[in-house]
Each structure stands twice: as C-alpha cells, then as structure tokens.
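These notes concern the structure reproduced below.
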Amino acid sequence: MSHPFLSLRDVSKTFHTGGREVRAVDGVSFDVDEGECLAIVGESGSGKSTVANMILGIYPQTLGEIAFKGSALPGRRDLVHRRAIQLVQQNPLSSLNPRRSIGASLRLALDVHEIGERSGRDERTGQLLEEVGLPAAFRTRSPAALSGGQRQRVAIARALACQSELVVLDEPTSALDVLVQARVLKLLNELREKRGLTYIFITHDLSVVRNVATRVAVFEKGRLVELSPTEAIFADPKHPYTRRLIGAVPVVTAGEAELRNRLMEKTDANA
Amino acid sequence: MKRTFAILLRNPLSLLGLVIVAVVVLSAVFADFITPFPAHAGAVVDFANFNKAPEWPYVMGTDLVGRDLFTRIVYAYRISLILGVVVLVLAVPVGVAIGLLAGYLGGWTEYLLMRLTDVFLSIPPLVLAMSMMGVLEPTLTNGMIAVTAMWWPWYTRLVYNLTRAEKEEGYVLAAEIIGASRLHVMFREILPNCVPSIVTKMTLDLGFVILIASSLSFLGLGVQPPTPDLGSMVADGAKYLPDSWWLTVFPGLAILVAVFGFNLVGDALREVLGAEQ
Ligand SMILES: Nc1ncnc2c1ncn2[C@@H]1O[C@H](COP(=O)(O)OP(=O)(O)OP(=O)(O)O)[C@@H](O)[C@H]1O
Ligand SMILES: [Mg+2]
C-alpha cells in the first residue's frame, strides 16, 4: 500500500458568520502514518479543532481533499467511515449522556455497527470497561457517579468500541488534574500500542506532547507552519512561532515540576 | 425517583399538593364506593329533596332536581381527570415529537413546524376551543379534541427550546460521530433529557386542563347533561345566587382546590427535577 493512512491536501475551511468570513483553516496539507500519534499544537483559534472536525466529517472542508487509506472522504460520511474514525472530546461530563447508563452509551457503538452477537453486547461493554481500567460493573452506573478521569476512560472505551482505526483526541486531558492526566495518557499510550491505533492528538500542553506524540504539527492562524518528529521540535524548533510556543511553556512551581516529571517517568516505564 | 418523592414529602407546600392530588385522584377512581348516591351521577330526579342546603346525608346540599351535590362533584372530578389525561396523552406526544424534529433537524423543517406552532399559539386558547366547538357538536369527545388542538403547541415550544440547548451538548455529537440515526439521537439521547421538564409541565397542565374544560362547559360548550361537570354546575347555579349558594360555591371550590393541588405538585417537581442534575 503506497497510500498514506490519512492525507490532507490543500484543505481550507471558511466560516460565514454574521456576514463576516473567517478562514479558520488555510491550505493545509499533511499525511498521518498508520500507528503514529500526531500531535497538533497551536494557540487558541489557530484552527486545530476545525481540522479535526473536518477529518471527523462534522462539517465538510471548503476546499481541498481529505483521503483515508487512499480514498477521498465524502462530506456526508457513511457508516464504514464513521466506524473507522472516532473522537474523544475535551469534556467527558458533557460527552456522556447524563440520562443514560455507561453501558447504554457504550452499547450504542456496538448496536449501530452490529458488532458481535446481539446477546453478547452487554458483556462486551463490560470487557471494554476493563480494557480502559474500569470495573465491568460500572456498566449500570450513570456518568454522574464517576470521577472526571473515569468518565474520560469511558469516553475512550466508546471511541474504541466500534473497532476504530483512527482516533481524534481534542484536548482529552485538559479538563483533568495533573495526576489523573498522567494516568489517562499512560492508558492512551498502552491502547495505541496494543491495538495498533493511530491518534491525532490536539493539545495546548507541550509536556503532554512530549509524552505521547511521535510527530508534532504546529498551527498558526489556520496554517500549518511546522511538522517534525517530536524530539526534533523540542531540540531544534525551526519556525519562529514554534520557538515562541516552546518558550511559552508555563513555568510551574518546582514541586509541581518534580511531581510531574516523576509521573511521566513512571508512565514511560510502564508504557 | 425515590429521592424525588422523599424531597416532595419534606416540603409542607408540596406535601399539601400531593395530599390534594391524591385525594382528588383516589376519590375520582373510587367514586362508586365513597359517594353516598352513585346513581345521582346520572339522570335521577328526587323532587322530595330538591335544592336542599347542606345537611346530613347531603353534606354539600342537593341540586334543583334533588341530586346529591357531593356525589356529582366527585363524579365530575372523574370526568375532568379522564379529559385531562386523554388530552395530555394525545397532545404531549404530538407536541414533543414536533418540537424534537424542529429543534434537532433545523432548516426548512424547523421553519415550517415552528411557524405552524406559532399560528396555533397566537390564537387565544379559549377562542380556538370555542370556534372548534362551534363547528363540532358539544360532546365530551369533541371537547377533548378542541382542548388537545390548543394544547400541543405548548409542548412543541418547550421541547423545541430544550432540544436546541441539548443539541450543543457533547453527547449528541458523540452519538452522531458513532453513526447513530437521527431518530436515535432525537428520541433516545435528547428526549430523556427533556423528560423532567415535560413531566413537570404535564402535572401543572392537568390542573389547567380541568380549568379550561370547566370554562368551556361554563359557556355551554363542554360536557352535556346529565353528565356531571364542575363548570356547568357553577354556570347553572349562578342563577340562584345568593340563596342557593351551595350550588356554585362547592363546585367552584372543587375546581380551585384541584387546580391548586396540581400546581403545588408541578411547582415542587420543577424545583426538584431541575435541581437533580
Ligand atoms: N462553527 C464555527 N462557526 C464560525 N466560526 C468558527 C466555527 N468554528 C470555529 N470558528 C472560528 O475558526 C477559528 C478556529 O477555531 P478552532 O476551534 O479550530 O480553533 P482551535 O485551534 O481549536 O482553538 P482552541 O485551542 O481554543 O480550541 C476561530 O477563529 C473560530 O472563531
Ligand atoms: Mg479547539
């Protein structure tokens, strides 16, 4: 197979709001390789989520082409493409229906894509929960009974339920506190390895990037300004904007930094 | 559900509401057993005891043909409740479905459905019901149809607004990304989140449907004799005020108490269910 796993060619998105035109994404081209974790960084409003939403088919691109495994993705997605490309949102509280049980939310993916025998699907939701480090008994709980980290694990399990290949994670850990964040990142690393998943990982947090990404795409005002392997970005940022971004990493207190480093080391060791 | 009930019982006002509603509903259901003269619900004439002020065994007096007023009020509750329940059973699903469709699908569907709803909402309810009753025969069934026709748009408005807000929640996006059908998203994801507000409104409305039905029959457009009806009782009795005061006072109080009770429970539900999230 000579096709890239996912490719974007001159993709642009223009929003029309209140008579004004906003070019949120402007002529972006890049490839994502199978099995990698491509981080997308950039400041607020740089078009990161807009790129992700076009890949997910939430809305079509204005110009350009997005191709998955060699075939162009249509604006209106069919079930095959829905199944292959899944999303983990930032806020796990809103992304789980408060009036449905965890099991029902997970089962939806199995039902829609007719995965496994009907009678075995409830059991399968339990296995999915165990796969993300939660007890199978959580199936019957409502999201309100879970902590933020647990909810995000459920959201991850849901993204995997339909045996997706590409998972778009839009700031999946930014609503979580540091300790929980590290554990969720570790889980994501493990799952990617075990299942051979491909991630597109949007984040503001460069320490997260260092921890999960194989490559980093830097966005500025809707344009892709740099795309390099993770070590290269940190060792030798080419674009002035990237340099500024790396220089702008918030300085945490010494204690926090040490705690974070220790957690990250542990995560690396276990991954 | 249990929790909701426990909270309702703790507040004295909502407790009072629950008691009223329970008494009204239970007496209507068991009217055959608790009323002294069940036959008086129909076309009975007892001229020996006509137009009597309250005295044992006629605790609320008798009407102009000698029927026990208490018996007739309890049976009128039964009719009113049946009417209220039937109206809501017909109006709520229609109103809810239209609100969901308009709110979730947007575009032309939204435009057409909401304009239609606005047309119905812009006609004063009594005028709408009266003009329908002017065309239709004044029977109980037609009364239900008329009240239903004026009731569904309120549920459309309510659910439409709720749906527009819920649509922005992440769980709706999540279901869409998974590939769930629009029907699933509307009825299995969004609708459950509207249920508390719908239930609250239904409780409040049971009281109002009773009131509207009474107004209609007060105007001679609702339930026809000899079926007992609170609105007609007030209307007929009004001619004999103040001498035969019981003919109007007790049916009037009966309307008031029932509407009051359903309102107390509805208000309490609104607070409890709203605060539960
Ligand atoms: N649905 C929309 N309608 C109109 N404008 C939009 C829409 N979505 C995004 N935009 C605009 O497009 C630009 C890029 O937004 P986008 O959400 O992609 O940024 P982002 O990089 O994800 O930012 P953040 O880090 O804050 O999430 C912004 O100027 C935003 O206001
Ligand atoms: Mg974003």
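Residue numbers start from 1 in every chain, and the chains themselves are labelled A, B, ... in the order their sequence lines are given, proteins ahead of strands. All values below were derived from every heavy atom in this structure, side-chain atoms included, with hydrogens, water molecules and symmetry-related copies excluded.
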Next on the checklist: Under the salt bridge (Lys or Arg N to Asp or Glu O under 4.0 Å) definition, can you give me all pairs with a residue in residues 15-27 of chain B, not counting sequence neighbours?
Outcome noted: none
Item to check | Spatial distance of atom CD1 (B:I177) from atom OG (A:S164) [nearest 0.5 Å] | outcome: 11.5 Å
Checklist outcome for this item: Value for OG (A:S94) from CD (B:E166), rounded to nearest 0.5 Å, stands at 10.0 Å
Checklist entry - So do the side chains of A:P98 and B:Y171 get within less than 4.5 Å of each other, counting heavy atoms only? => result yes
Checklist outcome for this item: Okay, B:E176 and chain A: the region with an atom under 4.5 Å from a heavy atom over there is backbone
Next on the checklist: If you count every heavy atom of other residues, nucleotides or ligands that lies below 6.0 Å from A:F15 atom CZ, does the total exceed 12?
Outcome noted: yes
Checklist outcome for this item: Correct closest heavy-atom pair for B:E189 and A:R100 would be OE2-NH1, 2.9 Å
Next on the checklist: Within the supplied structure, the quantity of interest is the number of heavy atoms (other residues, nucleotides, ligands) at a distance under 6.0 Å from B:R115 CZ; does it exceed 12?
Outcome noted: yes
Checklist outcome for this item: Contacts of A:S174 meeting side-chain contact (heavy atoms from CB on, under 4.5 Å) (sequence neighbours excluded), chain-then-number -> A:Q90, A:E171
Item to check | Which portion of A:N97 sits near chain B, non-hydrogen atoms under 4.5 angstrom | outcome: both
Checklist outcome for this item: Bottom line for A:L79: the part with an atom under 4.5 Å from chain B's heavy atoms is side chain
Checklist entry - Would one find more than 12 heavy atoms of other residues, nucleotides or ligands at under 6.0 Å from atom OH of A:Y59? => result yes
Checklist outcome for this item: Closest heavy-atom pair, B:P196 versus A:R99, reported as atoms and distance to 0.1 Å, is CG-NH2, 3.5 Å
Next on the checklist: I'd like to know whether A:Q89 forms a side-chain contact (heavy atoms from CB on, under 4.5 Å) with B:L173, so could you lay out the CA-CA distance, the side-chain angles of the two residues, the decisive distance to 0.1 Å, and finally the verdict.
Outcome noted: CA-CA 9 Å; A:Q89 304 177 47; B:L173 177 62; 4.0 Å; yes
Next on the checklist: Going by the rule salt bridge (charged side-chain N to carboxylate O under 4.0 Å, His left out), which residues pair with B:D205 if we only count those two or more places apart in sequence or in a different chain?
Outcome noted: B:K201
Item to check | Interface moiety of A:I85 toward chain B, non-hydrogen atoms closer than 4.5 Å | outcome: backbone
Checklist entry - Residues of residues 107-128 of chain A under 4.5 Å from chain B (heavy atom pairs)? => result A:L108, A:A109, A:V112, A:H113
Item to check | Within-4.5 Å side-chain heavy-atom neighbours: A:R83 and B:I178 | outcome: no
